[in-house]
Amino acid sequence: METKSIATRIQNSGLFRTQGLIGGKWVDAYDGKTIKVNNPATGEIIAEVPYMGKRETNDAISSAYDAFNSWSKLTAAERSKYLREWYDLLMTHKEELAQLITLEQGKPLKDAMGEVTYGADFIEFFSEEAKRVYGDVIPATSSDRRLVVLKQVGMYYPVGVVGAITPWNFPLAMITRKVGPALACGCTVVIKPSEFTPLTALAAAELALQAGIPQGVVNVVMGNAPDIGEALLSSTQVRKITFTGSTAVGKKLMAGAAGTVKKVSLELGGNAPCLVFDDADLDVAVKGTLAAKFRNSGQTCVCANRILVQEGIYEKFADAFLKAVQNLQVGDGFTEGVVQGPLINEAAVKKVESFVQDAISKGAKVLLGGKRHSLGLTFYEPTVVSDVKNEMLLAKEEVFGPVAPLLQFKTEEEAIRIANDTNAGLAAYIFTNNVQRTWRVSEALEYGLVGVNEGLISTEVAPFGGVKQSGLGREGSKYGIDEYLELKYVCFGDMNRK
């Protein structure tokens with residue numbers, strides 16, 4: 001299918017929006033500037049969207065701030081109904097949204113369909129969780145004489161306007177994972193999607209309007225990232241920043257938020273170890289590692305970045321893994337059977353190339369791939385590299401591409417030491433049939449997420465987030481809504497009067 005025909009089909013569905021959304025109105029940048037959105041698989045221009053900055057962002061903040069007063073005063077049941085309607089519309093338009101994701105991000109259509117379901121699930125989950133934000137009534141105790149005549153209450157209230165800054169690798173799910181809980185508890189939002197994949201965000205916002213969510217509750221601006229970020233950070237009306245992206249940018253946002261003492265939740269980069277022990281089921285380990293490494297062409301924050309294999313199973317695992325990787329079909333995400341699409345842009349390819357060259361220069365061996373794909377553009381061959389050492393970039397930093405580094409280890413203690421030897425702490429994976437080892441290693445790993453004999457671990461019902469320099473806070477699950485709430489203590493006196 002050609003880019004233009006797919007875009008036309010989506011446009012006919014009413015979801016192909018190319019303007020920002022502020023106060024319920026679709027608007028251009030004040031100066032008329034635009035940026036091009038490309039299909040990474042073909043290089044074709046899909047659309048042009050406004051190149052917005054501080055002025056438009058301040059408008060969006062004001063709109064969200066004005067809408068907060070009424071939206072936060074709705075009952076939880078009312079907000080729940082709006083979110084449920086939004087979920088239903090996302091699922092009704094699952095095919096068009098998936099096509100849009102593949103068009104601007106490049107992932108295979110099957111994976112894009114999975115993302116729509118995954119992303120919509122957060123809206124459904126938090127539509128239900130909206131009605132479960134409970135406070136506490138704390139009984140009086142004899143330890144303080146005053147408490148005999150006091151009623152103590154702990155209650156939650158929404159934090160206010162939220163600035164949600166989202167990445168390009170999951171252009172729908174990273175939005176719904178933040179906006180779902182924010183709206184559920186009564187917050188309003190200003191979304192800043194990646195300039196590489198704004199169309200999915202705009203389509204989701206269109207469906208939010210169709211669901212009846214009031215004007216100003218959801219706003220979308222895109223364009224000049226530093227200016228938009230500065231406007232969100234400096235505004236006293238924005239009370240929280242939520243961000244998914246690189247650790248470097250996350251640190252800047254955290255520092256910038258200090259000026260107005262905003263709440264911050266950050267889901268940052270990873271350096272996920274995948275530990276394959278001698279007692280692992282070989283087929284399960286290969287299948288799970290393949291999924292953990294090459295999903296979305298290696299462009300996820302929880303991708304297996306280092307594959308640590310115990311020496312007793314190393315040769316068997318390497319042979320089986322190599323054969324599995326050889327069978328991965330690379331191509332345009334709309335082509336049947338393709339499981340790996342292009343990287344997002346030229347800069348991403350150059351980063352992968354530099355990491356591979358660094359490893360080769362330090363003694364690593366390329367067993368498979370290691371170069372750009374014959375398809376050209378930003379396609380890169382699925383790659384397996386052996387003899388990787390801890391001092392190589394492939395082991396120290398997040399490659400964010402389809403490169404699987406293999407490292408050997410001897411003992412469980414050595415594997416844990418290597419796995420934890422990083423500033424990152426998002427996801428880790430273990431493959432073993434030893435139950436006792438499962439518990440020991442899971443507890444010893446300094447990571448927020450651990451997959452045991454499983455390579456795909458994300459779900460809306462479980463808390464997602466990291467430790468160390470992989471971020472702050474959790475998304476998804478019942479804990480995810482806490483990030484958008486403030487706890488207030490109210491002390492009632494003179495309660496014994498009759």
Which heavy atom in Val403 sits nearest to a heavy atom in Phe294, and how many Å separate them?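 Smallest heavy-atom distance, with atoms named: N-CE2, 4.4 Å.
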
Distance-minimising heavy-atom pair for Phe243 and Val249: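 For Phe243 and Val249, the tightest heavy-atom pair comes out as CZ-CG1, 3.5 Å.
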
Beyond-backbone contact of [X] with [Y], side-chain heavy atoms, under 4.5 angstrom:
X: Gln19; Y: Val27; answer: no
X: Tyr429; Y: Ile457; answer: yes
X: Tyr82; Y: Leu74; answer: yes
X: Ile344; Y: Asn169; answer: no
X: Gln99; Y: Ile10; answer: yes
X: Val220; Y: Pro193; answer: yes
X: Leu199; Y: Val49; answer: yes
X: Tyr489; Y: Cys491; answer: yes

Closer than 3.5 angstrom, by distance alone: can the side chain of [X] be matched with the main-chain N or O of [Y] as a donor-acceptor pair?
X: Thr34; Y: Glu48; answer: no
X: Thr176; Y: Ala173; answer: yes
X: Ser194; Y: Pro167; answer: no
X: Thr300; Y: Cys303; answer: yes
X: Ser80; Y: Ala76; answer: no
X: Asp31; Y: Lys33; answer: yes
X: Thr188; Y: Ala64; answer: yes
X: Asp66; Y: Ser63; answer: no
X: Asn420; Y: Ala444; answer: yes
X: Asn305; Y: Val399; answer: yes

How would you list, by chain and number, every residue that makes a salt bridge (Lys or Arg N to Asp or Glu O under 4.0 Å) with [X], sequence neighbours excluded?
X: Glu129; answer: Arg132
X: Asp358; answer: Lys362
X: Arg239; answer: none
X: Lys94; answer: none

Working to the nearest 0.5 Å, report the span between [atom1] of [X] and [atom2] of [Y].
X: Thr422; Y: Asn271; atom1: OG1; atom2: CG; result: 4.0 Å
X: Lys192; Y: Ile241; atom1: NZ; atom2: CD1; result: 12.0 Å
X: Leu290; Y: Arg295; atom1: CG; atom2: CZ; result: 13.0 Å
X: Ile165; Y: Ile228; atom1: CD1; atom2: CD1; result: 8.5 Å
X: Leu90; Y: Leu172; atom1: CG; atom2: CG; result: 6.0 Å
X: Leu343; Y: Gln340; atom1: CG; atom2: CD; result: 7.0 Å

Checking side-chain polar atoms at under 3.5 Å, does [X] have a donor or acceptor matched by the opposite partner on [Y]?
X: Thr260; Y: Lys262; answer: yes
X: Lys73; Y: Asn69; answer: yes
X: Thr244; Y: Thr166; answer: no
X: Glu206; Y: Gln210; answer: yes
X: Glu104; Y: Thr200; answer: yes

Heavy atoms of other groups near [X] [atom1], more than 12 under 6.0 Å:
X: Tyr65; atom1: OH; answer: no
X: Tyr118; atom1: OH; answer: yes
X: Lys468; atom1: NZ; answer: yes
X: Lys351; atom1: NZ; answer: yes
X: Met254; atom1: CE; answer: no

ring-ring contact (aromatic ring centres under 6.0 Å, His included) partners of residues 18-56, not counting sequence neighbours, each pair once: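 ring-ring contact (aromatic ring centres under 6.0 Å, His included) check on residues 18-56 returns no pairs.
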
[X] with [Y]: basic N within carboxylate O range, under 4.0 Å:
X: Lys107; Y: Glu115; answer: yes
X: Lys178; Y: Glu475; answer: yes
X: Glu460; Y: Arg177; answer: no
X: Glu124; Y: Arg84; answer: yes
X: Lys263; Y: Glu483; answer: no

In a check of side chain to side chain contact (heavy atoms under 4.5 Å, CB included) between Asn39 and each of Ile45, Ile46, Thr102, Ile6, which one passes?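 Answer to the side chain to side chain contact (heavy atoms under 4.5 Å, CB included) test with Asn39 among Ile45, Ile46, Thr102, Ile6: Ile46.
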
Output, in order, the C-alpha distance, side-chain angles, deciding distance and verdict of side-chain contact (heavy atoms from CB on, under 4.5 Å) for Cys301 and Phe464. CA-CA 11 Å; Cys301 52; Phe464 188 103; 4.2 Å; yes

With sequence neighbours excluded, residues passing ring-ring contact (aromatic ring centres under 6.0 Å, His included) with Phe431: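 By the ring-ring contact (aromatic ring centres under 6.0 Å, His included) rule, Phe431 matches no residue at all.
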
Go through the steps for Val162 and Thr242 under the test side-chain contact (heavy atoms from CB on, under 4.5 Å), then give the verdict. CA-CA 7 Å; Val162 174; Thr242 174; 3.7 Å; yes

Let's go through Phe126 and Val179 carefully: what are the C-alpha distance in whole Å and the side-chain angles of both, what is the deciding distance for side-chain contact (heavy atoms from CB on, under 4.5 Å) to 0.1 Å, and is it a yes or a no? CA-CA 9 Å; Phe126 285 108; Val179 176; over 6 Å; no

Working note: Val189 + Leu183, criterion side-chain contact (heavy atoms from CB on, under 4.5 Å); need CA distance, chi angles, decisive distance, verdict. CA-CA 8 Å; Val189 296; Leu183 266 57; 3.9 Å; yes

Has Lys240 got its NZ or CZ under 6.0 Å from the middle of the six-membered ring of Tyr484, at an angle within 45 degrees of the ring axis?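 The answer is yes; both the distance and angle limits are met.
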
